[in-house]
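Below is one structure, written out as structure tokens, with a few remarks after it.
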Amino acid sequence: MEQLNRIELIGIIGSARVTEVSATKVARFSVATNYVYKTASGEAVIETTWHNVSAFQSPKFPDLSTLEKGMPVHIVGRLRAQRYTGTDGSERTSYEVLAQSVEILTDQVTLQSGL
């Protein structure tokens with residue numbers, strides 16, 4: 001049986017932080033995506049979801065130090081779950097996207113059309 005762990009996001013960067021780990025740039029940033037639906041009364045509702053993304057510098061990426069809040073991006077990667085114990089002793093799980101490609105979108109039309 002073939003397995004697949006792939007996630008593709010088109011959204012807006014919230015916060016971005018670039019660090020160096022063993023002479024490799026690593027960007028950790030959040031991406032907001034919106035899902036719009038209508039209620040039974042016809043009212044539009046926008047549901048925003050924030051995703052944590054990690055990207056290690058690669059030829060497939062633009063210069064990671066150029067990532068800024070408000071930039072529209074297209075991310076392709078895989079989802080990774082991390083389990084940890086919170087300060088209150090409870091088991092928790094966080095999810096992050098490990099980016100395999102990062103594309104900075106140059107116009108809002110591309111962002112709205114979903115590529």
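Side chains of Leu98 and Gln100 form no contact here, defined as non-hydrogen atoms less than 4.5 Å apart. At a threshold of 4.5 Å between non-hydrogen side-chain atoms, the residues Arg28 and Asn52 do not count as touching. When side chains are defined from C-beta on, Lys25 counts as touching Asp63, because their heavy atoms get closer than 4.5 Å. Within the 4.5 Å cutoff, no side-chain heavy atoms of Leu105 are placed close to those of Val73. Residues Arg78 and Ile7 have side chains not in contact (no heavy-atom distance under 4.5 Å, counting atoms from C-beta outward). With contacts defined as side-chain heavy-atom distances shorter than 4.5 Å, the pair Ile104/Leu67 qualifies.
Between the OG atom of Ser101 and the CD atom of Glu103 there is a distance of 7.5 Å, given to the nearest 0.5 Å. Note that CD1 of Ile13 and OG of Ser30 are 8.0 Å apart. Values are rounded to the nearest 0.5 Å. Taken to the nearest 0.5 Å, the OG atom of Ser22 stands 10.0 Å off from the CZ atom of Phe56. The CD atom of Gln57 sits 7.5 Å away from atom OG of Ser65, with the distance rounded to the nearest 0.5 Å. Remark: Glu43 CD to Tyr37 OH distance equals 9.5 Å, nearest 0.5 Å.
Between Gly77 and Val97, the closest heavy-atom pair is CA-CG1, 4.4 Å. Shortest non-hydrogen contact noted between Ser54 and Glu96 is OG-OE1, 2.7 Å. When all heavy atoms are compared, the tightest approach of Ile75 to Ala99 is CG2-CB, 4.0 Å.
Of the N and O atoms on the side chains of Asn34 and Thr48, at least one donor lies less than 3.5 Å from an acceptor on the other residue. For Thr93 and Gln82, the side-chain atoms include no donor-acceptor pair closer than 3.5 Å.
Cluster membership check: Val76 does not share its hydrophobic cluster with Ile10, using side-chain heavy-atom separations under 4.5 Å among Ile, Leu, Val, Met, Phe, Trp and Tyr. Criterion: ILVMFWY side-chain heavy atoms under 4.5 Å apart, direct or through other members. Under it, Met71 and Leu64 are part of a common hydrophobic cluster. Note: the hydrophobic cluster containing Val45 also contains Tyr35 (ILVMFWY, side chain heavy atoms under 4.5 Å, direct or indirect links). No continuous path of hydrophobic side-chain contacts links Val53 to Trp50 [ILVMFWY only; heavy atoms under 4.5 Å].
Partners of Thr49 under the side-chain hydrogen bond (donor to acceptor under 3.5 Å, both in side chains) rule, at least two apart in sequence or in another chain, do not exist in this structure. With sequence neighbours excluded, the residues satisfying side chain to side chain contact (heavy atoms under 4.5 Å, CB included) with Arg92 are Tyr84, Asp88, Ser90.
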